[in-house]
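Report on one structure; see the data block that follows.
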Amino acid sequence: MIEDKEIIEFLQRKGAMEIVVEIGHEPQRHTDLREKLLLSSSTVHDRLKVGVQHELWEQTLEQRPNGVSKKVYELTDIGQEVWEFAQDENLRQYHMARRDAVRRVRNAENAVLQSVSPEDADWQDEIDSYIETERFEMQQRLDDYLTDT
């Protein structure tokens with residue numbers, strides 16, 4: 001049971017609960033979270049920093065097979081408690097569905113922009129690359145989801 005009102009207030013901030021869910025699934029780097037979540041790098045950084053202060057997660061070093069270590073965030077006991085309740089509510093699946101829906105909307109909007117822009121417009125390449133990036137990211141999420149089920 002979390003008795004600290006500040007922790008509850010923090011968990012209500014944009015992306016905080018989503019970070020708990022992702023870190024609970026597996027330890028994550030800042031870069032991993034930034035790529036998965038629909039949050040700016042500065043928001044992810046802020047949430048990670050404040051989450052450490054509230055002792056929801058901690059930053060550790062994970063050794064990789066190539067000998068290089070990387071900083072990852074892992075849940076503490078308090079974070080684990082929140083994550084277990086989030087699991088009961090299928091929160092990760094809901095977050096993933098929301099992110100995919102937002103990405104589909106962005107792709108559709110970009111398709112419209114691409115359709116209404118002249119073919120020789122200098123911004124056409126930017127629209128195309130964004131759509132391709134989104135398709136790639138959606139495929140990664142789908143692959144992650146399928147391996148989880």
Side-chain angles (χ1 to χ4, degrees), residues 1-111 113-114 123-149:
M1 193 67 55
I2 298 177
E3 310 236 351
D4 187 339
K5 182 181 177 189
E6 285 184 24
I7 294 175
I8 298 300
E9 289 173 351
F10 168 72
L11 288 170
Q12 292 178 56
R13 295 187 68 191
K14 180 180 178 181
M17 187 68 74
E18 213 168 350
I19 290 173
V20 168
V21 169
E22 288 301 324
I23 293 174
H25 179 68
E26 68 179 318
Q28 303 278 323
R29 296 178 304 151
H30 173 276
T31 306
D32 299 329
L33 292 166
R34 192 183 72 237
E35 290 172 358
K36 286 181 183 178
L37 308 180
L38 300 175
L39 301 171
S40 69
S41 180
S42 61
T43 299
V44 172
H45 175 78
D46 177 67
R47 297 301 180 271
L48 289 173
K49 181 176 134 189
V50 176
V52 168
Q53 292 169 354
H54 286 303
E55 299 179 352
L56 288 164
W57 47 76
E58 61 188 1
Q59 186 183 64
T60 62
L61 288 177
E62 182 178 277
Q63 294 292 40
R64 301 176 84 182
N66 63 3
V68 176
S69 59
K70 64 180 181 176
K71 293 179 189 176
V72 295
Y73 293 86
E74 295 184 62
L75 294 180
T76 61
D77 290 341
I78 297 169
Q80 187 69 32
E81 180 182 354
V82 175
W83 184 75
E84 288 172 7
F85 281 101
Q87 286 295 97
D88 291 345
E89 297 294 329
N90 296 316
L91 199 52
R92 185 165 193 259
Q93 288 77 13
Y94 292 135
H95 284 150
M96 290 172 66
R98 180 180 63 197
R99 290 190 304 253
D100 288 342
V102 168
R103 287 182 174 101
R104 283 192 302 273
V105 167
R106 286 181 182 168
N107 280 338
E109 289 172 345
N110 287 339
L113 293 174
Q114 189 176 26
W123 62 83
Q124 273 287 357
D125 289 341
E126 293 173 28
I127 296 170
D128 287 341
S129 65
Y130 187 76
I131 290 172
E132 288 305 313
T133 300
E134 290 294 323
R135 286 183 188 142
F136 174 75
E137 289 174 357
M138 283 177 47
Q139 184 60 49
Q140 281 184 315
R141 308 257 181 302
L142 180 60
D143 293 344
D144 288 347
Y145 177 75
L146 292 175
T147 58
D148 293 342
T149 56

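Only heavy atoms go into these numbers, but all of them, side chains included; no hydrogens, no water, no symmetry mates.
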How long is the gap from [atom1] on [X] to [atom2] on [Y], to the nearest 0.5 Å?
X: Gln28; Y: Leu75; atom1: CD; atom2: CG; result: 10.0 Å
X: Thr76; Y: Ile23; atom1: OG1; atom2: CD1; result: 9.5 Å
X: Asp100; Y: His95; atom1: CG; atom2: NE2; result: 13.0 Å
X: Asn107; Y: Gln114; atom1: CG; atom2: CD; result: 10.5 Å
X: Arg34; Y: Leu39; atom1: CZ; atom2: CG; result: 11.5 Å
X: Ile7; Y: Ile78; atom1: CD1; atom2: CD1; result: 5.0 Å

Show every donor-acceptor pair shorter than 3.5 Å between a side-chain atom in residues 53-63 and any protein atom, with sequence neighbours excluded, or say none if there are none.
from, atom 1, to, atom 2, distance (Å)
Trp57, NE1, Leu48, O, 2.9
Gln59, NE2, Tyr73, OH, 3.0
Thr60, OG1, Glu74, OE2, 2.8

Distance-only check: which donor-acceptor pairs under 3.5 Å involve side-chain atoms of residues 81-88, not counting sequence neighbours?
from, atom 1, to, atom 2, distance (Å)
Glu81, OE1, Met1, N, 3.2
Glu81, OE2, Met1, N, 2.3
Trp83, NE1, Val21, O, 3.3

Would you say His30's side chain and Ser41's backbone share a donor-acceptor pair under 3.5 angstrom?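 Yes, His30 side chain to Ser41 backbone: donor-acceptor pair under 3.5 Å.
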
Show me the pairs that pass side-chain hydrogen bond (donor to acceptor under 3.5 Å, both in side chains) and involve residues 11-20, at least two apart or across chains.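 Only Glu18-Arg98, Glu18-Arg99 qualify under side-chain hydrogen bond (donor to acceptor under 3.5 Å, both in side chains).
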
For Asp4, all residues meeting salt bridge (charged side-chain N to carboxylate O under 4.0 Å, His left out), sequence neighbours excluded: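 Scan of Asp4 (salt bridge (charged side-chain N to carboxylate O under 4.0 Å, His left out), adjacent residues dropped) gives none.
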
Please enumerate all residues that pass salt bridge (charged side-chain N to carboxylate O under 4.0 Å, His left out) together with Lys49, with sequence neighbours excluded.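 Partners of Lys49 by the salt bridge (charged side-chain N to carboxylate O under 4.0 Å, His left out) criterion come out as none, since no residue qualifies.
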
Taking all non-hydrogen atoms of both residues, which atom of Ala16 and which atom of Phe10 are closest, and how far apart?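 Closest approach of Ala16 to Phe10: CB-O, 3.2 Å.
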
State, to 0.1 Å, how close Ile2 and Leu11 come at their nearest heavy-atom pair, and which atoms those are.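 Of all heavy-atom pairs spanning Ile2 and Leu11, the closest is CD1-CD1, 4.4 Å.
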
Return the set of residues passing side chain to side chain contact (heavy atoms under 4.5 Å, CB included) with Asn90 (not counting sequence neighbours), or none when no residue passes.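 Once residues adjacent in sequence are excluded, the partners of Asn90 under the side chain to side chain contact (heavy atoms under 4.5 Å, CB included) criterion are Gln93, Tyr94.
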
For Arg29, check side chain to side chain contact (heavy atoms under 4.5 Å, CB included) against everything at least two apart and list the hits.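 Applying side chain to side chain contact (heavy atoms under 4.5 Å, CB included) to Arg29 gives Thr31, Asp32, Lys70, Val72.
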
